[in-house]
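Here the structure is laid out as structure tokens; the discussion comes afterwards.
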There are 2 protein chains.
Amino acid sequence: MATGRTHRPATRSRGIPEATVARLPLYLRALTGLSERSVPTVSSEELAAAAGVNSAKLRKDFSYLGSYGTRGVGYDVEYLVYQISRELGLTQDWPIVMVGIGNLGAALANYGGFASRGFRVAALIDADPAMTGKSVAGMAVQHADDLEKIIDDNGVSIGVIATPAGAAQQVCDRLVAAGVTSILNFAPTVLSVPDGVDVRKVDLSIELQILAFHEQRKAGEGQDDTADEAGTETPAAAAKPARKGPDGDVPAVMQA
Amino acid sequence: MATGRTHRPATRSRGIPEATVARLPLYLRALTGLSERSVPTVSSEELAAAAGVNSAKLRKDFSYLGSYGTRGVGYDVEYLVYQISRELGLTQDWPIVMVGIGNLGAALANYGGFASRGFRVAALIDADPAMTGKSVAGMAVQHADDLEKIIDDNGVSIGVIATPAGAAQQVCDRLVAAGVTSILNFAPTVLSVPDGVDVRKVDLSIELQILAFHEQRKAGEGQDDTADEAGTETPAAAAKPARKGPDGDVPAVMQA
DNA sequence: ATGTCTTTGTGAACGCGTGCACAAAGATGG
DNA sequence: CCATCTTTGTGCACGCGTTCACAAAGACAT
Ligand SMILES: NC(=O)c1ccc[n+]([C@@H]2O[C@H](COP(=O)([O-])OP(=O)(O)OC[C@H]3O[C@@H](n4cnc5c(N)ncnc54)[C@H](O)[C@@H]3O)[C@@H](O)[C@H]2O)c1
Ligand SMILES: NC(=O)c1ccc[n+]([C@@H]2O[C@H](COP(=O)([O-])OP(=O)(O)OC[C@H]3O[C@@H](n4cnc5c(N)ncnc54)[C@H](O)[C@@H]3O)[C@@H](O)[C@H]2O)c1
């Protein structure tokens, strides 16, 4: 999700819906698996199952790309792999920089999963002088002072931020100023970017909180509608100012 | 999103929309920041800016929780922190297990960000005997053989999978069989789970591919409106001809 | 050719999410 | 107590995304 103020004015590019774009990599992964097993063709039903989506949705998604199927048969696996790759822009080389080579950054650098697709780690950057020159994933970490030059020299347009939250916005600003127009942010902060720059975020903590919500709901299912269990009524913690609210802290789960 | 066959039958729990739930952690983070700076109240406009969303959306989101604001003033920060925490189920303790303590798993274990909210790492589990007993993030790694016992002993209902893709489904099955009902999956695979189990996934590679798509689009912007054949350097294989393949592959395209 | 069978591609209906715009609520000042 | 000003809470409209259901397209057998 593009963070920042931008409610994208729709994918105005009269083409592929955002939701579809987000699923293409999923299809691509499933297709790659089939390709490796030398499966020649696949039906929408089979592929949908492999990708974990509804088959009608898959067909509609593909219809945005063109008519690449054959009725009565299905889709040619190799051909589809190529078409989706091209649509996603994976037939070209994408040099990326990774900023903040700490625990997470180092793990990401060691991850081979994205190097396999068009992505290539052009540089690892960290602000800690002690890190500079150290080899991570077979690559020497470079100092943040050279960030602008590195981006320029390598024609980088995609950056990954794995610094502490406090440094993220600053790093982001420098990346953008240097010409980066797509950012993947692992730091738990909202990044502000100018129009034309895409930001996507990955946040473990948020994912867990969403799971916890549903988990809590499951636990309180069946009877207790007011999702309230042992000690939810945390007494003091409420810190509820004396006014509003149906006094106490009635968990008004539902309202008119 | 719940992977697998289940298209969730909507958040049938007559209550908070899924999209709203996904934003609550964002609001919570912004509010926590305000709380630490001892800001007593905040308007929807200010908070929305801090969370990177539209203020109308924020107000509507909060309206699902109840009427916790004061017109003409705004929202009481502490009170709202509590309400959202409670709604997300963060007022209780959530023991979690992490399976697959490799590069990524270790980085996640070292991450303090989720330990601060109700989450507590109950155990680190790995199948590699060489890992067993090793200390990661101040905690001894336990062997996968004991997975069921660990989950049972600690009352774990949330699991994190950071194993290689090939092992993920198997690990997932064991987690579910042992009683885990929420899974956060970092392995690039679609997990099949029975109804009632939630799966969320984090996939760096997918995020980058989505960014690449938009990046490619930006590059080809300005003129060519007919977004059929973007002038990528792909020579012949543009349309439907039987020719194909970036990496010299089997053509085999009978697609007319 | 012709018929049958499979599977695509898509029109249409529906539901969810978003954002606008405004009335109502309450604070604040006189 | 009344007037004014601020900000919430929400009715409403709109657009996107999902799903159903089916006609059309093609493969394949006869
Ligand atoms: N580790 C995880 O599993 C995890 C999970 C989710 C989110 N996060 C987030 O990812 C970020 C990194 O986490 P981590 O555990 O790797 O932290 P870390 O402290 O191990 O690493 C941070 C690195 O960033 C570098 N750095 C700091 N300021 C910088 C700057 N201005 N420019 C360049 N480099 C800079 C530091 O030198 C350090 O090497 C944090 O924001 C964290 O909240 C981490
Ligand atoms: N490292 C990353 O940045 C990154 C990013 C995105 C996705 N991923 C994915 O996350 C997963 C882990 O990546 P990694 O780099 O940490 O790999 P890794 O090889 O370093 O670690 C995998 C760990 O899982 C353990 N393991 C294997 N089978 C197991 C089983 N059945 N039960 C328990 N443990 C088992 C291994 O012993 C190993 O310690 C992979 O699927 C990878 O594709 C990683």
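Just so you know, these numbers use all the heavy atoms, side chains as well, and skip hydrogens, waters and symmetry mates. No experiment lies behind these values; they were computed from the predicted model shown.
Whole-Å rounding puts the Leu58(B) CG to dT7(D) C1' distance at 12 Å. Atom P of nucleotide dC20(D) and atom CG of Asn54(A) are separated by 6 Å, given to the nearest angstrom. We find that CD1 of Ile16(A) is positioned 12 Å from P of dG17(D), with the value rounded to whole Å. Regarding Asp76(A), its CG atom lies at a distance of 15 Å from the C1' atom of dG26(D), rounded to whole Å. In this structure, Glu45(A) places its CD atom 13 Å from C1' of dC20(D), rounding to the nearest Å. Across the protein-nucleic acid pair, Leu65(B) atom CG and dT10(D) atom P stand 12 Å apart, rounded to whole Å. Here dG9(C) presents its P atom at 12 Å from CG of Leu47(A), a figure rounded to the nearest Å. The distance between atom CZ of Arg59(B) and atom P of dA24(C), rounded to the nearest whole Å, is 16 Å.
The side chain of Tyr64(B) places no N or O atom within less than 4.0 Å of a non-bridging phosphate oxygen (OP1 or OP2) of dG17(C). The side chain of Ser44(A) contributes an N or O atom lying less than 4.0 Å from OP1 or OP2 of dT8(C). When the side-chain nitrogen and oxygen atoms of Ser43(B) are compared with OP1 and OP2 of dT7(D), none of them lie within a distance under 4.0 Å. For dT18(D), the OP1/OP2 oxygens have a side-chain nitrogen or oxygen of Arg23(A) closer than 4.0 Å.
Judged by distance alone, with hydrogens and angles left aside, Arg71(B) brings a side-chain donor or acceptor within reach of the base of dT8(D), the pair sitting under 3.5 Å. Taking only distance into account, the side chain of Lys60(B) never meets the base of dG17(C) through a donor-acceptor pair shorter than 3.5 Å.
Nucleotides of DNA chain D nearest to Thr20(A) and Gly72(A) differ in position, and the one nearer the 5' end is that of Thr20(A).
Here the two rings, on Tyr79(B) and Tyr68(B), have centers that are under 6.0 Å apart.
Remark: Arg117(A) engages no residue in a salt bridge (Lys or Arg N to Asp or Glu O under 4.0 Å) (not counting sequence neighbours). Scored by the side chain to side chain donor-acceptor pair (under 3.5 Å) test, Ser85(B) finds no partners at all (sequence neighbours excluded).
Of the listed nucleotides (dG26(C), dG9(D), dA27(D)), dG26(C) has the atom at the smallest distance from the side chain of Thr70(B). Closest to the side chain of Ala19(A), out of dG17(D), dT8(C), dG19(C), is dG17(D).
In this structure, Arg200(B) CZ and Ile158(B) CD1 are separated by 12.0 Å, a value rounded to the nearest 0.5 Å. Thr32(B) OG1 to Leu80(B) CG: the interatomic distance, rounded to the nearest 0.5 Å, is 10.0 Å.
Here Phe62(B) lies out of heavy-atom contact (under 4.0 Å) with every strand.
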